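Lettering of chains follows the sequences in order, A, B, ..., and the numbering in each one begins at 1. Quick caveat, the model's predicted, so the values are computed rather than measured. Note that these values count all heavy atoms, side chains included, but never hydrogens, waters or copies made by symmetry.
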Amino acid sequence: MAHEAIQAELSRVLAEMGAHEAEVQLERPRDPTHGDVATNVALTLARSLKRSPREIADELAAGLDLVRAGVEAVEVAGPGFLNFRLASGAVASVLGDILAQDERYGRSDVGAGRVVMVEFVSANPTGPLHLGHGRQAALGDAIASLLDWTGWSVSREFYYNDSGRQMELLARSVRARYRQMLGKNEPVPDDGYQGEYVKDVAESLVEEVGDRYVEDDSAEALDAVRAHAVRMLRAEQDRDLADFRVRFDHHFLESSLYEEGRVDRTIQSLKDTGLVYEKDDAIWLETSRFGDQKDRVMVRGNGQPTYFLPDVAYHMTKWERGFQRVINVQGSDHHGTVDRVRAGLQALGLPAGYPEYVLHQMVRVEKEGEEVKFSKRAGSGMTLRELYEEVGVDVTRYFFQMRKPDAHLLFDMDVALDQSDKNPVYKVQYAHARMCAIFRKAKLDPNELTSGDADLAMLGHELERELVKELADFPGAVERAAREASPHVLCDYLEQTAGAANSWYHAGNPSRNPELAVLTDDADLRAARLALARGVQVVLRNGLTVLGIDAPDEMIRDEPEDEDA
RNA sequence: GCGCCUGUAGCUCAGCUGGAUAGAGCAUCGGCCUUCUAAGCCGGCGGUCGCAGGUUCGAGUCCUGCCAGGCGCGCCA
């Protein structure tokens, strides 16, 4: 690649100038008049070399020998940037790599096969998944996929609590509905679950056991109701996720921590550290020694552990299962627990900063300018399923991924339902479909296309050069999105690349501009441009695949129904 | 009161370790269909980067203080 040759040559000349350890960053200038590749190394070295940036840049430019790297011109610009203009062949050579690597183009090995766990969704089985879970599902799945693409060995995990107070409340709510169905007047508890789905659970309970629990107030009976509700609601969540194209490698039950004695053992381990003390009948851990705002109670005065303890016990199992790197995807309303869980783990000898967290802000849905709030089924906010059944899985996933997790997300239903390029998902998918259309028209199977003997140097037009450079940026975009655990980086990249592809495609409309058409009579030009079309197709398809979104071969619009019949 | 996140064009948002005249989409205005699908493309309009200081050759980006919004601060999970 030209980049490596330029980098090496810059390092060589810099060493002659006395800057041996200088780190050289190459970038693609926004403005094409600034060349194909640029570096600000002269600016960054000005201080240490005690010379003006322009002077350093001039000396570098004079000393560089870049003919073999395919550089046609070097110029010093602005405050001291070095701009390189490449020969067309050097720019387009990346297409050979793209076509050869095909579905692997964009993958890298920075993870070197190390294991990483991504824990996400982790909803308790008290009802249908809501939009916050949806954002987590889309983000967590994409982050896991990005890590996979960058060479990590990824495990997706779902953690849930199947016992405890909320579960008991759920059981009481179901039991009340169940008894109502069988003619007994028993109200749902005031702080219980009010959604329609509770009636569905109660109904299936009637089918399964008849009136067995109508008069039975025993703990065993309530336990059986709880178990039935958990089974039903877990199954519903699994369906919601499966239809959203999200799957997990492992589900972890909080109850197993108690059954296996892990909570008790964690208490003992923490006591053994000597960082534990008694106050007001409770047992406290000195979490403030590890950056928490204050110490935390781990065992209450009544002898019951606080939730903090199973959290620590659970994360210890992650470490013990060999996951030296863990990313937890959670709503930002959980951020208060981050410091204390880490502190508990540090007390037990785990490294600071374990685990990592991606905390996302809340989701707001708007339709025709009005906020959509209510779901009858959930008894509260809109459910994930209600959303994606209305606008589609591809659109829902993309919208959840296209904003950085830190930002509040406005989900605009009017844009989501729009089937034009106003909708960024369709913009990207349609650019892909356009490339497919070219191959259909040419009666070629794109999968059998190689850059082979195509003369890629013929791709000299500005639109072609820009598009090729855009394609060359794909692996970097994947790598950065993975490093920052930020799928939106890839969304931005795909929208920009789709825009460049659309510009090129339309400039080559045969009726207007035959000299830029792909399917031209000039066989050599045609081969080179087919390679470019294939490159676009591969990059867009791979990018969408990383995000778990379809890359259709053709776009079929829903026809509006006849309104004036 | 304390902590975390956010504040960039009318709207929704990008802006990687501080670097070239601050970008995109939508909205709005003006052009372009005998097509490799116009579900599109080209161009125009539009910004005191919340406010005030500071560091720097250079600040949307770093530091300090303030203002506004969201979330969290329990022997609840």
Distances under 3.5 Å between protein N/O atoms and the N/O atoms of nucleotides 26-28 of chain B, please, pair by pair.
| unit_1 | atom_1 | unit_2 | atom_2 | d |
| --- | --- | --- | --- | --- |
| rA27(B) | OP1 | Lys422(A) | NZ | 3.1 |

Output all residues satisfying ring pair (Phe, Tyr, Trp, His ring centres under 6.0 Å) with [X], sequence neighbours left out; order by chain, then residue number.
| X | answer |
| --- | --- |
| His34(A) | none |
| Phe400(A) | Phe411(A) |
| Tyr493(A) | Phe474(A) |

In RNA chain B, consecutive runs of at least three Watson-Crick or G-U pairs below 3.5 Å, as range with range, amount to B:1-7 with B:67-73, B:10-13 with B:23-26, B:28-32 with B:40-44, B:50-54 with B:62-66
Ala437(A): which residues meet the side-chain contact (heavy atoms from CB on, under 4.5 Å) condition with it, sequence neighbours left out?
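Applying side-chain contact (heavy atoms from CB on, under 4.5 Å) to Ala437(A) gives Arg440(A).
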Could you list the residues that satisfy side-chain contact (heavy atoms from CB on, under 4.5 Å) with Tyr307(A), not counting sequence neighbours?
Asp311(A), Thr337(A), Arg340(A)
Walk along nucleotides 71-76 of chain B from 5' to 3' and tag each nucleotide B, S or - by protein heavy-atom contact under 4.0 Å, base first, then sugar-phosphate.
BSSSBS
Of all residues at least two apart in sequence or in a different chain, which pass the salt bridge (Lys or Arg N to Asp or Glu O under 4.0 Å) check with Arg529(A)?
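Arg529(A) satisfies salt bridge (Lys or Arg N to Asp or Glu O under 4.0 Å) with Glu464(A) once adjacent residues are dropped.
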Tell me, please, which residues at least two apart from Lys469(A) pass salt bridge (Lys or Arg N to Asp or Glu O under 4.0 Å).
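Lys469(A) satisfies salt bridge (Lys or Arg N to Asp or Glu O under 4.0 Å) with Asp36(A), Glu466(A) once adjacent residues are dropped.
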For Asn502(A), which contact category applies under a 4.0 Å heavy-atom criterion: base, sugar-phosphate, or nothing?
sugar-phosphate
Any protein N or O atoms within reach of nucleotides 9-12 of chain B? Criterion: under 3.5 Å, listing atom names and distances.
| unit_1 | atom_1 | unit_2 | atom_2 | d |
| --- | --- | --- | --- | --- |
| rU12(B) | O2' | Arg403(A) | NH2 | 2.9 |

Of the listed nucleotides rG19(B), rC36(B), rC16(B), the one nearest the side chain of Leu519(A):
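It is rC36(B).
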What's the closest nucleotide to the side chain of Gln25(A) if the choices are rU17(B), rA39(B), rA77(B)?
rU17(B)
Does the ring center of Phe252(A) lie less than 6.0 Å from the ring center of Phe158(A)?
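Here the rings of Phe158(A) and Phe252(A) have centres that are no less than 6.0 Å from each other.
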Please list each protein N or O that sits under 3.5 Å from an N or O in nucleotides 20-22 of chain B, with the distance.
| unit_1 | atom_1 | unit_2 | atom_2 | d |
| --- | --- | --- | --- | --- |
| rA20(B) | N6 | Asn83(A) | OD1 | 3.0 |
| rA20(B) | N1 | Asn83(A) | OD1 | 3.2 |
| rA20(B) | N1 | Asn83(A) | ND2 | 3.0 |
| rU21(B) | O4 | Asp31(A) | OD2 | 2.9 |

